[in-house]
Engineer: 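This is the structure I want to talk about, given as structure tokens.
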Amino acid sequence: MAQRSDKTARNAVGKRPDGRRTMRHALVLLVGLVAVVALTVFACRQGWEYLFRRNPRFGLIRIDIESSGYWGKDAETRRLMASMVEVSLKDGLPPGVAATVFSGRLGDIRRALEAVPSIESASVERILPGVLRVRLVERTPRAFVNGPGSLANHLVIDDEGRLMESRYCLNTSALPVIVSDRSWRIGDDTGPLKAAVEVLAAARIHYPDIRIRKVSAVDPECVGLSINFRGGGTLYTVLMSPESFEENLWRLQRGLEDLIRSGEPYVVINMLYRHGITLQ
């Protein structure tokens, strides 16, 4: 009985080195696998670097800019935009290394372009061997935004409330003006201008006979308008609540039609009363 116990103990002791050996083999295999993966990733990166990113066969020949807005209006603006794209393309390249069409990621270039305030969306594609084609959709300015400390006719705003510099936009000469009691900078939250932007859009889309020249965004409880009606030279001052603009503009158009038919010389139209219009 004692001999059998001793034999069992010796067998148990003899098995321990086999377990440690298995663990060592697994560890060696794991390290080898990690090394193979690392070498594969390194080889792929080096292959991409020298076969594409730094391959002179794909050297940048030109950057084509396509846009129906400011950035496509003439050779000078297209050249300026192309230089901005090239700076983004070369970002991260060592000094002295020539750019290729594979030097930058297309998604990074697109995001850099869409960060420009006047650009709504952009697409970038490679045309091998050496051309980048950039297509831009630019924002449409709807009004100038003026306020204390702001340069007159310096900033414009689009239907989404995005502020832009007017010099980078087209067709701004006949835009209405939004007057505010604060100064504005690109990137500011334009929530206080929301009502003014909405009434301009409602009039432009649904009531083109009402030509808004100026919108006052000073009082959050009242929207003040300076308007012409049906191409006439009379300038009317209109006060309305900052809500239900389509309904209010419908009421305004009917009131103006009645006013013109009557021949009365009133030029101030107060629509702050819910069920009536006061003329002055």
Side-chain angles (χ1 to χ4, degrees), residues 32-142 144 151 153-173 175 185-188 190:
L33 181 60
V34 170
V36 168
V37 171
L39 287 173
T40 301
V41 170
F42 177 78
C44 290
R45 287 184 175 179
Q46 290 299 104
W48 172 263
E49 189 75 14
Y50 290 100
L51 290 176
F52 295 97
R53 197 162 183 255
R54 298 193 188 185
N55 190 337
R57 293 187 178 185
F58 300 120
L60 183 64
I61 298 172
R62 70 176 189 274
I63 299 173
D64 292 339
I65 306 296
E66 298 180 8
S67 174
S68 59
Y70 173 85
W71 295 110
K73 71 172 185 174
D74 55 37
E76 182 60 30
T77 57
R78 289 193 295 271
R79 186 160 48 248
L80 178 59
M81 175 53 64
S83 67
M84 295 169 59
V85 174
E86 188 171 1
V87 168
S88 180
L89 183 69
K90 290 181 176 180
D91 186 31
L93 280 181
V97 176
T100 72
V101 292
F102 291 98
S103 293
R105 296 180 178 178
L106 299 185
D108 292 341
I109 298 173
R110 176 181 56 78
R111 283 186 287 272
L113 291 171
E114 291 176 350
V116 176
S118 64
I119 295 176
E120 182 176 349
S121 64
S123 65
V124 187
E125 63 177 320
R126 300 182 181 101
I127 302 177
L128 300 181
V131 177
L132 277 184
R133 177 181 291 165
V134 178
R135 291 187 174 95
L136 302 176
V137 176
E138 299 187 42
R139 297 181 181 276
T140 302
R142 296 303 186 186
F144 288 103
L151 294 176
N153 300 340
H154 172 59
L155 294 181
V156 290
I157 192 168
D158 73 346
D159 284 330
E160 295 180 1
R162 184 73 174 263
L163 290 172
M164 307 164 279
E165 289 189 69
S166 59
R167 59 177 173 164
Y168 297 129
C169 300
L170 296 181
N171 305 320
T172 61
S173 59
L175 290 179
R185 295 179 301 175
I186 291 175
D188 284 349
T190 57

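Counting from 1, the numbers follow the sequence of the chain as shown.
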Engineer: For Asp74, give me all partners under side-chain hydrogen bond (donor to acceptor under 3.5 Å, both in side chains), at least two apart in sequence or on another chain.
Structural biologist: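 Only Thr77 meet the side-chain hydrogen bond (donor to acceptor under 3.5 Å, both in side chains) criterion with Asp74.
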
Engineer: Taking only residues two or more places apart in sequence or in another chain, which ones pass salt bridge (Lys or Arg N to Asp or Glu O under 4.0 Å) with Glu138?
Structural biologist: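 Partners of Glu138 by the salt bridge (Lys or Arg N to Asp or Glu O under 4.0 Å) criterion come out as none, since no residue qualifies.
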
Engineer: Under the ring-ring contact (aromatic ring centres under 6.0 Å, His included) definition, can you give me all pairs with a residue in residues 65-98, not counting sequence neighbours?
Structural biologist: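 For residues 65-98, and leaving out neighbouring residues, the ring-ring contact (aromatic ring centres under 6.0 Å, His included) pairs sorted by first residue read Tyr70-Tyr168, Trp71-Tyr168.
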
Engineer: Starting at CZ of Arg111, measure out to CG of Leu106 and round the result to the nearest 0.5 Å.
Structural biologist: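 That separation rounds to 10.5 Å.
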
Engineer: What residues form a side-chain contact (heavy atoms from CB on, under 4.5 Å) with Val87, not counting sequence neighbours?
Structural biologist: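 With sequence neighbours excluded, Val87 shows a side-chain contact (heavy atoms from CB on, under 4.5 Å) to no residue whatsoever.
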
Engineer: Does the side chain of Asn55 reach to within under 4.5 Å of the side chain of Thr100, using non-hydrogen atoms?
Structural biologist: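 Sidechains of Thr100 and Asn55: no contact.
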
Engineer: By the salt bridge (Lys or Arg N to Asp or Glu O under 4.0 Å) test, which pairs, at least two apart or in different chains, include something from residues 75-89?
Structural biologist: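 Checked against salt bridge (Lys or Arg N to Asp or Glu O under 4.0 Å) - neighbours excluded - the pairs reaching residues 75-89 are Glu76-Arg79, Glu86-Lys90.
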
Engineer: Going by ring-ring contact (aromatic ring centres under 6.0 Å, His included), name the pairs with one or both residues in residues 120-140, residues two or more places apart or in two chains.
Structural biologist: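 Checked against ring-ring contact (aromatic ring centres under 6.0 Å, His included) - neighbours excluded - no pair reaches residues 120-140.
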
Engineer: Just to verify, what does Glu66 make a salt bridge (Lys or Arg N to Asp or Glu O under 4.0 Å) with, not counting sequence neighbours?
Structural biologist: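 Glu66 satisfies salt bridge (Lys or Arg N to Asp or Glu O under 4.0 Å) with Arg133, Arg135 once adjacent residues are dropped.
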
Engineer: Can you sort out the partners of Glu160 under salt bridge (Lys or Arg N to Asp or Glu O under 4.0 Å), two or more places apart, ordered by chain and number?
Structural biologist: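 Here the qualifying residues are Arg139.
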
Engineer: Has the side chain of Ser118 got a donor or acceptor atom that lies under 3.5 Å from a matching backbone atom of Cys169?
Structural biologist: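 Such a contact is absent between Ser118 side chain and Cys169 backbone.
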
Engineer: Can you name the residues that form a side-chain hydrogen bond (donor to acceptor under 3.5 Å, both in side chains) with Arg62, not counting sequence neighbours?
Structural biologist: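 Partners of Arg62 under the side-chain hydrogen bond (donor to acceptor under 3.5 Å, both in side chains) test: Asp64.
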
Engineer: Does the Ser166 side chain pair with the main chain of His154, one donor and one acceptor, at a distance under 3.5 Å?
Structural biologist: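 The answer is yes, because a donor-acceptor pair under 3.5 Å joins these two groups.
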
Engineer: Glu114: which residues meet the side-chain hydrogen bond (donor to acceptor under 3.5 Å, both in side chains) condition with it, sequence neighbours left out?
Structural biologist: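 Expected list: Arg110.
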
Engineer: Which residues pass the side-chain hydrogen bond (donor to acceptor under 3.5 Å, both in side chains) test with Arg105, sequence neighbours left out?
Structural biologist: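 Partners of Arg105 by the side-chain hydrogen bond (donor to acceptor under 3.5 Å, both in side chains) criterion come out as none, since no residue qualifies.
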
Engineer: What pairs with Asp188 under salt bridge (Lys or Arg N to Asp or Glu O under 4.0 Å), at least two apart in sequence or on another chain?
Structural biologist: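 Per chain and number, Asp188 pairs via salt bridge (Lys or Arg N to Asp or Glu O under 4.0 Å) with Arg182.
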
